Visitor: 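Let me give you the structure first, and then I'll get to my questions.
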Amino acid sequence: MNIFSHFSQQITDITDTLIKNGTITLTDTAKPAACEPPRDSSHGDISTNYAMVMAKSAGMSPRDLAAHLVKDIAHLDGVTDVNIAGPGFINLTLDPAIWQQRIDDILAANTAWGVNDIGKGEKINVEYVSANPTGPLHAAHARGAIIGDSLANLLETCGYDVTREYYINDAGNQVDVLARSVFTRYKQALGDSSAKVADGQYPGEYLIDTGQKLAKVHGDELLNMDESEWLPLARSFAIDDMMETIKADLGRLNIHMDRFSSERQLVKNGAVDTAIGKLKDNGLIYLGVLEKPKAGNADDWEPREQLLFRSTDFGDDVDRAVKKSDDTWTYFASDIAYHLDKLERGSDKLINIWGADHGGYVKRMKSAVSAFTGQKDSLNIQLVNFVKLLDGGKQIKMSKRAGTFVTLSDVLDTVGKDILRFIMLTRRADQTMDFDYAEVTTQSRENPVFYVQYAHARACSVLRQDEAVKIDVSGANLSLLSDPTEMALIRLLASYPRQVEAAGQAFEPHRIAFYLMDLAAAFHGLWNKGRDDPSLRFITDNTALTAARLNLVNATAVVIRNGFAVLGVDAINEM
RNA sequence: GGUCCCGUAGCUCAGCAGGAUAGAGCGUCGGAUUCCUAAUCCGAAGGCCACAGGUUCGAAUCCUGUCGGGACCGCCA
């Protein structure tokens, strides 16, 4: 049971009744009210703003209105006290048993504690990573990958039917460059020492391996072909090889996509023609001339009539080109087709995780999706800001040209999946972030991953004790958990479903990471109180009390594991 | 020139579908170790929530403008 939504429902019922019997008359639909934990625990267990929210349309002062509500709220099951405070807050104090019983709920639900159904089975497509198949994933990809994957986990927990998807940009010029670069390495592999990586080709050494594989599979037969023949061969070989590497790296991050969509496939299927045709049928495609961009680096700009999408109809700043001068589709055009494809495969909602450097594309993409769905918010784009890599406060310089970029695989070798995943979620997505190797691998309070892991390991350590293992904890008398520090921990545990719901609604998995840090702090706090005051230790010579406390410890471990699961982090039982 | 993001304690950041006295960690200062993991905990000090207006019972949160930092702005992907 989610205590907050439970009482929210009860109070809503009360207001409905008061409206029905004429005690309250609303002239207007009131804004949604909330039941929340009060900021100050001395105000009680639940604080609600029902009266303040309804006051205006009821034509009453908040406090007068509250007085009506309070009469009925006082009779609700589990409510021991209710009062009106400040400008019109209604504060409820609950029977401690209401909280204590949640421990049974948590243990019974186990991995399902926190699961809700706000998604109502709606189909939602989360597209993330989608790195170009021209090289291995590098460190900069990690954050978007992790945020996307954790968001997908979170939405599943919230009852959405989630598709995890990767869009492969395997059309266009860059994969031809990849093909030529691999061809050079292929010639080298066959002993042609005169073959040199040309200007503009990808110099990365990772392609040496791909060239050798190509030589192994095809021998020297590509050498006798025209470029028009060998290029497609080398291209698809290289793309497949890169995608294998990328999938392997994602696997190390515990990311498993449901689907990889190929841009080339879409173009080949004529999906782009179809999609643009649809827009054209709606009068949204026309021949026009764009103004010169004002960026300053467009010296070679020439006004030219071209095929444009009327994205300004949907809030974009200018209309956008869908065809290039060589008569092929622009990237945007195939992206339009791709998003239509996602919609046609049955997704009600689309989420894209993009790097902050793609911010300028948000409006046009949303415009295109709106053009298809007729709705404004079918596409949600989460921009993920940059990560600065440091080691002991010193920035690690990365340059693609110099070949000194840090691969995702390198980072995983250094810090491991769990640290990387958790740390990437300790900041809001739109904030830039420093990722310091030295800092994230220290085992101290400053390192949040360690701190939460330690709380879990400590809990496990208690449950492992001989005295603990011996005790039958089923049916323990939870009312014995009455110390304020214990109650504070229980309240946190009980509020986990509410946290998941809020995070899911906001599409913000980082909230779970912050919640876990709070939870760990509450647990460590209780633990240390037991150091000072032996009567508060989990294992005591009172069997009934110990049984109750062991359930509390176990529930804490369950919630940490569930939170970790959303973040894709494995809990550690012993450190 | 335009669009988007950011500006909260000395530092790093939460909080933002408006709610009561604005929170946490680090750092500083002062404490706790015969005890289930002290890799931890407790306490103190520290704030014109960038600035100025507006919206209302109420604004860090919403709106407008200003200043400061960042990203982006072509048929690249």
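For clarity, every value in this text was computed on a predicted model and none was experimentally measured. Just so we're on the same page: letters track the sequence lines, and every chain starts at 1.
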Visitor: Using the C1' atom as the point on both nucleotides, what is the distance between rG18(B) and rC57(B), in whole Å?
Guide: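 12 Å, rounded to whole Å.
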Visitor: Show me the protein contacts with nucleotides 14-17 of chain B, counting only N or O atoms at under 3.5 Å.
Guide:
| unit_1 | atom_1 | unit_2 | atom_2 | d |
| --- | --- | --- | --- | --- |
| rA14(B) | OP1 | Arg428(A) | N | 2.9 |
| rA14(B) | OP2 | Gln431(A) | NE2 | 3.2 |
| rG15(B) | OP1 | His510(A) | NE2 | 3.1 |
| rG15(B) | OP2 | Arg428(A) | NE | 3.2 |
| rC16(B) | N4 | Arg428(A) | NH2 | 3.1 |
| rA17(B) | N6 | Gln505(A) | OE1 | 3.3 |

Visitor: In whole angstroms, how far is the C1' atom of rA71(B) from the NE2 atom of His358(A)?
Guide: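 Computing the His358(A):NE2 to rA71(B):C1' distance gives 12 Å.
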Visitor: Which sits closer to the 5' end of RNA chain B, Gln465(A) or Thr48(A), going by the nucleotide each is nearest to?
Guide: Thr48(A)
Visitor: Within a radius of less than 6.0 Å around NZ of Lys56(A), do more than 12 heavy atoms belonging to other residues, nucleotides or ligands occur?
Guide: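 Not more than 12 within 6.0 Å, no.
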Visitor: Tell me yes or no: between the side chains of Asp40(A) and Ser42(A), is some donor less than 3.5 Å from an acceptor?
Guide: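 Looking only at side-chain atoms, Ser42(A) and Asp40(A) do form a donor-acceptor pair, the distance falling under 3.5 Å.
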Visitor: May I ask you to evaluate whether Tyr338(A) reaches the phosphate of rA77(B), defined as a side-chain N or O under 4.0 Å from OP1 or OP2?
Guide: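 Tyr338(A) to rA77(B) OP1/OP2: no side-chain N or O under 4.0 Å.
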Visitor: How far, in whole Å, is rC13(B) from rC6(B) if one measures between their P atoms?
Guide: 14 Å
Visitor: Rounding to an integer number of angstrom, what distance separates rU56(B) and rU61(B) when you compare their C1' atoms?
Guide: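 Per the computed distance, 14 Å lies between those C1' atoms.
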Visitor: Roughly how many Å apart are rG69(B) and rU55(B), using the P atom of each and rounding to a whole number?
Guide: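 My reading of the P atoms in rU55(B) and rG69(B) gives 31 Å.
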Visitor: Write down the distance separating the P atoms in rG43(B) and rC26(B), rounded off to the nearest Å.
Guide: 13 Å
Visitor: Could you pull out the protein-nucleic contacts involving nucleotides 41-46 of chain B (nitrogen or oxygen on both sides, under 3.5 Å)?
Guide:
| unit_1 | atom_1 | unit_2 | atom_2 | d |
| --- | --- | --- | --- | --- |
| rC41(B) | OP1 | Arg445(A) | NE | 3.3 |
| rC41(B) | OP1 | Tyr451(A) | OH | 2.3 |
| rC41(B) | O4' | Asn528(A) | OD1 | 3.3 |
| rC41(B) | O4' | Asn528(A) | ND2 | 3.4 |

Visitor: Show me the protein contacts with nucleotides 55-57 of chain B, counting only N or O atoms at under 3.5 Å.
Guide:
none

Visitor: Give a yes or no on whether a salt bridge exists between Lys342(A) and Glu127(A), defined as a side-chain N under 4.0 angstrom from a carboxylate O.
Guide: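 Answer for the salt bridge query: yes.
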Visitor: Using the C1' atom on both, measure rA9(B) against rA50(B) and round to a whole Å.
Guide: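 Going atom to atom, C1' in each nucleotide, I get 15 Å.
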Visitor: Once you apply a heavy-atom cut-off of 4.0 Å, does Gly359(A) come out as touching a base, just sugar-phosphate, or nothing?
Guide: nothing
